[in-house]
Structures are given as C-alpha cells and as structure tokens.
Student: 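Could you have a look at this structure, given as structure tokens, before my questions?
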Amino acid sequence: MSKNTSPYHEAGRILNELLSSKSGGRGLKSIAFSNSKTRGGPSKATYATVCKSMQHLPAINSVLNHSGGRLRKAIGIDTVHNKGLMYVMLYELLFGKYKSIRGGGRLKRMIVKHERELREGVSEHREMVDGLTRATPQFPRYARVNVMRTSIEAMAEMLKASFVENSTRESNCGDSMNLKRSIFMDPHVPDLLVMHPSASSFLHQDHDAVKSGKIVLQDKSSCFSALALARGNPNISLNCDFIDACAAPGNKTTHLAALVAASLADVSRTTKKGKNLTQSSTIFAFERSSSRFKTLKSRIDAIVPSSSLNKSSTKVVVQPLLSDFLKSDSKDPQFANVRGILLDPSCSGSGIVNSLDRWLEDAETDGNKDDPTTGTKADRIKSLSNFQLVALTHAMSFPSVDRIVYSTCSVNNEENELVVGKALSEVNKTINGSVGDEWILVAPACLDHWPRRGNPEIGGLSKTQAQCLIRCDGLDGDETNGFFVSYFERKRVRSESEDAERTGTSCSIVNDVKLPVYQGQFASIQETAPKTKHRLCQKNVNLMGRTHIVHLWTLQHVPP
Ligand SMILES: C[S@@+](CC[C@H](N)C(=O)[O-])C[C@H]1O[C@@H](n2cnc3c(N)ncnc32)[C@H](O)[C@@H]1O
C-alpha cells in the first residue's frame, strides 16, 4: 500500500504540518481545513485521530527515548519522510482503541518489527505514560449564549437535537449517554451553558450557531473579566461608556455588551411610566493589529445587533478602533463618558491548559502571539510584564474612569499580582490632593463565592488585597484554564456604594429556563476532580419587578 492510501494519510499530513515550523503558529483547525482533499475539511474521525495523537506525543516520545533512544533509532522516526504519519501509527498501535495499525505500507512494517519492545516500553513506564497522557485535563464544553440574538431556551433545544444527531452508537445507552447529552447552567456566569467535553466534536467554531453569533465558545474563566466589570459592584450604574483596551477577537467585548444591554434593559423596565428614559452605552474596542482587527469587526457584526435593528429604548453600540490603546488620549472628549475599562492585554498564555484542539484554537485567538519580544522565556515574561504595567497605568490615567478590570490568561505572578501591586503604588503616589481618586482593589461581588484568590506578598500586596483577586487553576480542579482577574475602583466609588442599599444579585444566577445547575458532574471523568463543592438553595425572588427562580450558591473547598 502506498503511503497516500494509508487510512491515516490525512491525519499524518495535518500532524506533519502542526509539528513543522511551517505552521507559523496556526491552529489545528486552520491547518486541518487548509489543503484538505475533502470539501468541508477532514472527517471527524481524522480530526479526532490528530488530536489524540498530539495528546499522546509526550508519552510516545518517552517510550521511544528510553534507554538512550534505542527504539527511536531502531524504527527510524527521525529519518522518515512522513514523521506525522509514523506518530499517528504509533498512537494507534500503543494507545488507540484497537491497539493495531490498519492498512499496510513501509512505515507500518518499520514499526511492527519492534512491536514487542514498544509494548513493553509502555507497560514498563505505565505510571509515567499515564501521567503524561493525563497531563492535559479535558474541561467541559462551555458555550455562552448570546442573549442579544437568541434565548437560552432556543439554544438548549437546538443543542439537545444536535446531541441526538451526533451521538455514536456506542454511546447510545445508559447513564453515560444521559450525562453526555446533559446541558447545565453555569453556577457563576449568567447565560453560560456547560456541556460534556465530547460536545466539542460538533460544537466548534464552524457550527452554524457559532458562526451566526448566537453562541460564543468561551472558556468559563475568560467570562470573569466582563462579568467583574459589569457586576463587580451591583450598586453602580452601567449607563455610561466603556473601553475594551485590547479587544480582538472580541469575546470579552461582546460579553460586556451583552451584560450592559441586559442591565440597561432591566433599568428601563423598572423606570416609571412617562419618564421615557433612553439608556445607552458605547463600548470603544481598541485593537492595534490590523489582521486581528478584521476578526474583531466580523465578530462584532455577527454578535452585537446594530443599533438600527435595536428597537428598544436601550442601546449598546460597540465601536471598533484600529488603534494602539497606549497612544490613546485619556482626555479625548469622545471618551468623556467612559467610566469603565476592560484591559485584557497580550500575555504569555501560560494558563491555557485545556484539551489540545482548544489549546491550539485559543493560542490563535486568546493568547498572545504577536508580542515582538524574543529571547529567553524570562526576558519575554519581563517584557510582557512591563507592557502590561504601562497599559494598566495608562488605563488608570483616564480622569472619568472609576472602575477597571485587568485580566490575563497567564499564571505567572510577574504578569498578575506584580503588575497590580506596582500599578497601585505608582499611580496612587501621583494622585495627591484629590481625595477619593486613589485606586483600590475590590473583590468583585459577582464572584463572592469563587474560592481561589490571588497570591499575597507579591508586588507589595497585603493578604486582604490578594483576597480581592481572582485566580483560576485548571490543573487544580477548577475545570477552566488558568486565569487571573483584578477589579479596581476609585476609592470614592467604594464609599458612595457602601452607603447605598445593596440591590444586586452578587452570588446568584437567574435561571428561568430550569436547566439543572452544574455541580461538577463531568469532573468524575477527570483525574483532577474539582476541589470545590457547590451547595444550592433555590428561591423565588422579585428582581427588578419580575419574579425569578434564583439559585444561590455557596462554594466550599474540599480538603485534599
Ligand atoms: C489577549 S488578547 C485579547 C483577547 C480578548 N480580550 C478576547 O477576550 O477576545 C490581546 C489583544 O490585544 C491586542 N493588543 C496588544 N497590545 C495592544 C495595544 N497597545 N493596543 C491595542 N491592542 C493591543 C493584541 O493584538 C491582541 O489582539
């Protein structure tokens, strides 16, 4: 059988490209769909084979490299023309479902000659191999419903039908099928659906609901940024403008738009008849890279209804700006009504740990791939940290702004607590005389019950300040990527809102749809079960004039 007729040929081609420098940092999807012989891209089976082979590469290499790389040399993996195909075959033989290689060909013959030693290698190093293959946790498939375009009910119905359509025969029975087809509401982020990780096989960037902007595929942790800005302090008005300083591809911008639109609509509904108050907000979305700006614009067009279509008395407009935020003029009159800034700058992306295909997708979209720094990892982090500090202090210089969220998908202290601590001390030093203008860290009310907090004593932060910071750790049971969120307010805002009666729903998710609330049901499939337990109480409450079923959550840390 020639190599082109191998059933793994296409998977091998994709893997070759991923492994080579030719990929230029492109994600799995864009490689898979480019040059594919089949219209519409590779088959689901091929796509899954590539993902699984990539996931098992560390384990395969550890078996090959043992004993000074004797097996590596024996099968000739570094000298064959089609290394990707050989890796796929090794995956199929050692870890695949049938533990055998279909088809024939020279590469197969080179491998099976050493089959016995390869299998011995796997069993001798079972523990290490298991550790390596499990190192990448699989998180639930999160899907944020864009309630500006559709409803949770409509999306839940559509997804239920998709589950039935896409289930394989083997998963078609018993409890495991029920769990795989379940749709939950997230306990922290409104409008966020939680599904089994296998839902990613059909619910990906090419799904119609995603392309049309009805669903945004966004990791739970990355929803915390806009949530903290819009609901960090339930007593401050959202009837103002915002800046998203580093916006592309626009997940957080559009999330902020949805949250502001919902709050303004609620206020409009409760405004007494006759007042006819128009609530409006503009979100200025900065992006300095022209290629990423194009993505940002098309995502905004798909997700945010244009104001001409928006017939209600509330109006949220997202205005994309192809511009460097660091060069923006904080006193520009167009920003006079900006009260909040969302700053989610380029970062090392060291927190991104989820399943391989999403890791690669996220590297394309969320993580920083455009920072100009080169050199050692330490140099790169330092340079990013300097840039992040400049961006945060610039955000703090806008006179009309009184709340800021700074977030990263990094787990490095240098990009997180250190930046926060330095920004506070640098900026507050310069604010003398104007009482109440100082910046302080505030624990976002909407994440009151999120247990993982910041690291104290870094950048001069006290324990109390570190308690205001939110951290997520996917390697320690949070079922999200590693993430960091800080929420700042001007001191005066805090004292004003402390006087006001607390009206918000800081730890509640409005669940009119009656979907069950996620309590870690998918975590049993993980090695790293969540370390938090959710305790639920359900209440009927009157919120902004409407009666809702509100789920109030308490999260408890489970001791190891
Ligand atoms: C981490 S990504 C933002 C992800 C985005 N918040 C989201 O959730 O979809 C950082 C983005 O900031 C952009 N960026 C970096 N420095 C910038 C600057 N000085 N001004 C504007 N955009 C910048 C990068 O090009 C990149 O697109």
Side-chain angles (χ1 to χ4, degrees), residues 25 27 142 144 146 189 192 205 210 213 216-230 242-259 283-300 302-304 318-330 335 340-352 358 361-373 380 383-395 397-398 404-412 415-416 419 472 480-485:
Y142 294 106
R144 179 167 66 75
N146 177 19
V189 182
L192 187 68
Q205 300 292 344
V210 179
V216 180
L217 296 177
Q218 192 172 356
D219 183 63
K220 169 173 174 165
S221 60
S222 112
C223 297
F224 284 179
S225 315
L227 186 66
L229 190 59
F242 294 86
I243 283 178
D244 185 344
C246 293
N251 287 343
K252 297 179 187 77
T253 324
T254 54
H255 188 202
L256 182 63
L259 291 167
I283 301 174
F284 299 98
F286 282 79
E287 175 52 53
R288 72 166 180 202
S289 143
S290 45
S291 60
R292 293 172 68 90
F293 182 74
K294 274 192 203 143
T295 313
L296 173 68
K297 269 195 83 191
S298 70
R299 290 307 284 155
I300 291 171
I303 297 169
V304 185
V318 179
Q319 191 175 319
L321 303 171
L322 175 57
S323 184
D324 184 338
F325 172 65
L326 299 186
K327 294 189 183 141
S328 61
D329 177 1
S330 61
F335 303 136
I341 294 184
L342 197 164
L343 173 62
D344 182 55
S346 298
C347 73
S348 63
S350 60
I352 297 170
R358 274 178 283 159
E361 261 166 34
D362 289 347
E364 252 190 338
T365 55
D366 239 24
N368 169 64
K369 285 282 162 212
D370 65 345
D371 82 279
T373 59
R380 188 166 167 263
S383 159
L384 282 166
S385 177
N386 290 342
F387 154 72
Q388 291 152 351
L389 177 61
V390 172
L392 182 52
T393 52
H394 182 57
S397 75
F398 280 65
I404 293 173
V405 162
Y406 168 74
S407 63
T408 72
C409 55
S410 160
V411 288
N412 304 332
E415 298 178 80
N416 299 328
V419 171
C472 303
T480 70
N481 277 319
F483 205 75
F484 173 85
V485 185

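What you see is a predicted model; the values in this text were computed from it and never measured. Atoms within each ligand, like the ligands themselves, are counted from 1 in listed order.
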Student: Less than 4.0 Å is my threshold; does some heavy atom of Ser323 fall inside it relative to ligand 1?
Tutor: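 A heavy atom of Ser323 does come that close to ligand 1.
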Student: Is there a donor-acceptor pair under 3.5 Å between the side chain of Glu415 and the backbone N or O of Ser410?
Tutor: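 Pair absent, no side-chain N/O of Glu415 close to backbone of Ser410.
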Student: Just to be sure I read this right, does ligand 1 sit under 4.0 Å from the backbone of Ser225, its side chain, both, or neither, counting only heavy atoms?
Tutor: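 Answer for Ser225: neither.
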Student: If the cut-off is 4.0 Å to any non-hydrogen atom of Ser346, which atoms of ligand 1 fall inside it?
Tutor: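 Those atoms are 10 (C), 15 (C), 24 (C).
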Student: Within the distance-only criterion (no hydrogens, no angle test), does the side chain of His255 pair as donor or acceptor with the backbone N or O of Ser225 below 3.5 angstrom?
Tutor: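 Side chain of His255 to backbone of Ser225: no pair is present.
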Student: Hey, is ligand 1 close enough to Asp244 that some N/O pair sits below 3.5 Å?
Tutor: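 So ligand 1 has no N or O lying under 3.5 Å from an N or O of Asp244.
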Student: Minimum distance, heavy atoms only, to atom 10 (C) of ligand 1: which one of Asp344, Thr253, Val390, Leu296 is it?
Tutor: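 Among Asp344, Thr253, Val390, Leu296, the closest heavy atom to atom 10 (C) of ligand 1 comes from Asp344.
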Student: With a cutoff of 4.0 Å, is Gly349 in contact with ligand 1, counting heavy atoms of the residue only?
Tutor: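 No, Gly349 has no heavy atom closer than 4.0 Å to ligand 1.
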Student: Check whether Gln388 reaches the backbone of Ser346 with its side chain - one donor and one acceptor, N or O, closer than 3.5 Å.
Tutor: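 Checked: pair present.
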Student: Quick check: does Phe325 get an N/O under 3.5 Å from an N/O on ligand 1?
Tutor: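 Among all N and O atoms of Phe325, at least one is under 3.5 Å from an N or O of ligand 1.
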Student: Closer than 4.0 Å to some heavy atom of Leu326 - which atoms of ligand 1 meet that?
Tutor: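 Matching atoms, with element in brackets: 19 (N).
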Student: When only distance counts, is Lys252 in polar contact with ligand 1, meaning an N/O pair under 3.5 Å?
Tutor: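 There is such a contact, yes.
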Student: With a 4.0 Å heavy-atom cut-off (strictly under), which part of Pro345 contacts ligand 1: side chain, backbone, both or neither?
Tutor: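 Just the backbone.
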Student: Would you please classify the geometry between the Phe398 ring and the Phe325 ring as parallel, tilted or perpendicular, with 30° and 60° separating the classes?
Tutor: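 The arrangement is parallel - the two ring planes meet at less than 30°.
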Student: For ligand 1, does Arg292 get within less than 4.0 Å through its side chain, its backbone, both, or neither, judged by non-hydrogen atoms?
Tutor: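 For Arg292, only side-chain atoms sit under 4.0 Å from ligand 1.
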Student: Which residue, Thr253, Leu321, Val318, forms the side-chain contact (heavy atoms from CB on, under 4.5 Å) with Leu296?
Tutor: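 Exactly one option meets the side-chain contact (heavy atoms from CB on, under 4.5 Å) with Leu296, and it is Thr253.
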Student: Taking N or O atoms only and a 3.5 Å limit, does Gly250 qualify as a polar contact for ligand 1?
Tutor: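 N/O-N/O distance below 3.5 Å exists for this pair.
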Student: Give the atom numbers and elements of ligand 1 that come within less than 4.0 Å of a heavy atom of Asp324.
Tutor: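 Answer, ordered by atom number: 18 (C), 19 (N), 20 (N).
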Student: Under a 3.5 Å distance rule, please check whether Thr408 uses its side chain to pair with a backbone N or O of Phe484 as donor and acceptor.
Tutor: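 Pair absent, no side-chain N/O of Thr408 close to backbone of Phe484.
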Student: Quick one: are Phe483 and Asp344 in side-chain contact, heavy atoms under 4.5 Å?
Tutor: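 A side-chain contact under 4.5 Å exists here.
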Student: Determine whether the aromatic ring centres of Phe284 and Phe335 lie less than 6.0 Å apart.
Tutor: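 Centroid separation for Phe284 and Phe335: below 6.0 Å.
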Student: Report yes or no: do Arg144 and Thr254 form a side-chain donor-acceptor pair below 3.5 Å?
Tutor: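 Judged by distance alone, the side chains do pair up.
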Student: Pick one of side chain, backbone, both or neither for how Ser222 approaches ligand 1, counting any non-hydrogen atom pair under 4.0 Å.
Tutor: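 The answer is neither.
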